[in-house]
Amino acid sequence: MTQPLLEVEDLNVTFKTPHRLVRAVRDISFTVGKEKVGIVGESGSGKSATGRAILKLTPGNGTVSAKKMRFEELDLAGATETDMLKVRGSRIGMILQDPKFSLDPVMRVGDQVAEALPPGLSRSEARERVLAMLEAVKIRNPERVYNLYPHECSGGMGQRVMIAMMLVPEPKLLIADEPTSALDVTVRMQVLAILDDLVSRRGLGLMFISHDLNLVATFCDRVLIMYAGRIVEECKASELRDAKHPYTQGLLASLPRIGERRKHLSTLVRDPAWAL
Amino acid sequence: MIEVQNLTVRFGIGKAAMTAVDNVSFTVKTGEAFGLVGESGCGKTTILRALAGLNSNWEGTIRIDGKQLTPKRERAFYKLAQIVFQDPYGSLHPRFTVNGTLMEPIKIHGLDRADERIDRVLKQVGLGPAFRFRYPHQLSGGQRQRVAIARALILEPKLMLLDEPTSALDVSVQAEILNLLTDIRDSTGLTFLLVSHDLSVVSHMCDRLAVMNHGKIYEELTVGDLVERRYREAYTRQLFEASLGYDKRLTSAQVAKALDEAGA
């Protein structure tokens with residue numbers, strides 16, 4: 001078996017608040033290869049903190065520790081800020097939830113994508129590369145879109161611009177934190193299809209962070225379910241329906257489904273033992 | 001309970017004018033739960049706000065409980081119809097305790113037995129009397145939404161307007177709130193008008209639904225029809241399929257075509 005892209009062992013993220021220490025992520029271990037790995041959990045389960053810790057983007061009041069955090073040949077756990085500058089964006093990309101807040105509002109989107117290009121390209125070369133990338137994310141009229149400002153883009157278009165920007169430096173791993181939650185359902189599927197296509201064609205690893213079980217089960221290859229900072233279950237996405245952990249089962253049962261006439265949805269009874 | 005005929009709502013003037021709701025008609029029977037489904041910007045919340053009296057700039061006819069409504073409402077109207085908003089973090093006054101929030105409608109309508117009413121309504125939404133003197137920041141999202149529901153219920157309305165009541169909540173909390181709404185409807189016979197982008201939530205809660213897009217109602221159907229996929233509109237099928245999750249058979253070519261058509 002080839003070595004996975006990312007290997008994490010006993011990762012901990014702890015935040016210091018005025019009142020207490022919050023252990024957002026506790027001793028989790030996982031690997032990501034050239035595959036789509038979903039991380040699901042409810043708000044506060046530590047899924048986003050995990051994604052940020054890998055890129056060392058944990059805010060100042062948080063501390064990260066790990067027995068092992070390796071990306072390709074690089075030891076992320078021991079990497080300095082200077083090392084990380086060479087990793088962020090160029091080798092590990094991150095797609096955030098809402099293009100409205102993550103694109104620069106006063107800069108044309110094409111120029112923003114161009115910023116991700118390696119330095120030393122001529123203006124026309126850079127423009128060509130950006131246009132090709134916008135086309136790769138299925139933007140039909142790249143010349144027109146290049147000159148738009150973020151507020152002139154729809155949500156789906158903005159998110160495709162973000163994806164284009166992240167793919168320009170040809171990273172090996174993409175971390176997508178709720179990349180489609182701000183989009184309408186019909187556009188969401190299309191953005192996912194583009195992402196799916198690019199990930200499989202370029203042989204990337206994708207860490208897909210989401211609260212939507214249904215989506216993760218149908219989109220990803222493998223799923224990690226987080227609860228209170230721990231991975232409580234790991235399974236193939238296709239087998240999520242047969243999940244073993246009572247938390248996963250409870251979450252699945254609490255979802256309303258079309259065609260299932262139940263008077264009451266089952267609610268989740270949280271067992272304090274899950275959080276131990 | 002609700003009769004809406006040729007409702008049109010426009011925003012802006014001159015060149016910037018846009019029609020948010022375009023000549024929409026529908027009726028909701030007393031005791032029924034009716035859903036308005038659509039994506040963001042389709043006009044579903046605008047309809048709800050016009051019904052609730054939060055937007056007076058509309059044309060057409062709205063009848064609620066047999067009475068024709070004017071843009072400006074009398075106080076009695078608000079005893080008849082109450083609204084629950086999407087975001088429980090934004091819809092409660094941060095410096096009012098639960099008691100203060102619930103006292104407000106009682107004072108406005110000059111109701112008696114305030115203590116008794118507050119205790120009863122808190123019990124009804126599954127919060128004990130211990131919650132009465134807490135502030136919103138001391139409550140979880142689900143508890144806040146229960147307070148918002150209590151605030152709507154305390155006037156004993158006949159019609160409840162629900163604007164995405166669970167979309168800001170985690171799924172396990174969503175289940176609790178939806179169950180609470182089911183129980184309230186069972187015990188009071190309230191009429192529900194539920195606005196949501198989530199087809200599965202609407203199909204769980206409602207008897208009938210209308211699918212909206214670009215300010216128009218594309219089609220009206222019963223939940224039974226939806227389940228059996230007896231829809232006429234391609235748009236309804238798109239929403240339906242999207243709610244089932246990601247389909248790996250989607251190819252980029254199809255996607256590009258669909259995105260073009262949607263103008264997204």
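Chain A is the first sequence line, chain B the second, and so forth, proteins listed ahead of strands; every chain is numbered from 1. Note that these values count all heavy atoms, side chains included, but never hydrogens, waters or copies made by symmetry.
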Is it the side chain or the backbone of [X] that comes within 4.5 Å of chain A heavy atoms, both, or neither?
X	result
B:L169	neither
B:L199	both
B:D198	neither

Taking all atoms of both residues into account, what is the closest heavy-atom pair of A:S254 and B:S172, and its distance?
->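 Heavy atoms only, the tightest pair is OG-CA, 3.9 Å.
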
What heavy-atom pair brings B:A175 and A:S266 nearest, and what distance separates the two atoms?
->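 Looks like CB-O, 3.9 Å.
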
Hey, is [atom1] on [X] packed in by over 12 heavy atoms from elsewhere, all under 6.0 Å?
X	atom1	value
A:E170	CD	no
A:R261	CZ	yes
A:R230	CZ	yes

Give, for atom OG of B:S243 and atom CE of A:M189, the distance between the pair rounded to the nearest 0.5 Å.
-> 8.5 Å

Contact winner vs chain A - B:L239, B:D170, B:V227, heavy-atom pairs under 4.5 Å |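 Winner by heavy-atom pair count: B:D170.
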
Between B:V223, B:T182, B:L226, B:V202, the one whose heavy-atom pairs under 4.5 Å with chain A are most numerous =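 The residue among B:V223, B:T182, B:L226, B:V202 with the greatest pair count is B:T182.
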
So which part of A:R188 gets closer than 4.5 Å to some heavy atom of chain B, the side chain, the backbone, both or neither?
->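 Contact with chain B involves no heavy atom of A:R188 at all.
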
Test item: [X] and [Y] side chains (from C-beta on) under 4.5 Å apart, heavy atoms:
X	Y	value
B:H204	A:L265	yes
A:D196	B:Y246	yes
B:M205	A:P256	no
B:D183	A:H264	yes

Stepwise side-chain contact (heavy atoms from CB on, under 4.5 Å) check, B:H197 with A:D184 = CA-CA 8 Å; B:H197 69 283; A:D184 280 328; 5.8 Å; no

Chain B interface, residue from A:T218, A:L251, A:T267 that has the most non-hydrogen pairs under 4.5 Å =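 Sorted descending by pairs with chain B, the first entry is A:T218.
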
Best-contacting candidate, A:E260, A:R262, A:K263, against chain B by heavy atom pairs under 4.5 angstrom =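 Sorted descending by pairs with chain B, the first entry is A:K263.
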
Test B:V171 against every option in A:L252, A:L255, A:N214 by the side chain to side chain contact (heavy atoms under 4.5 Å, CB included) rule and name the one that passes.
->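 Among the candidates, only A:L255 passes.
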
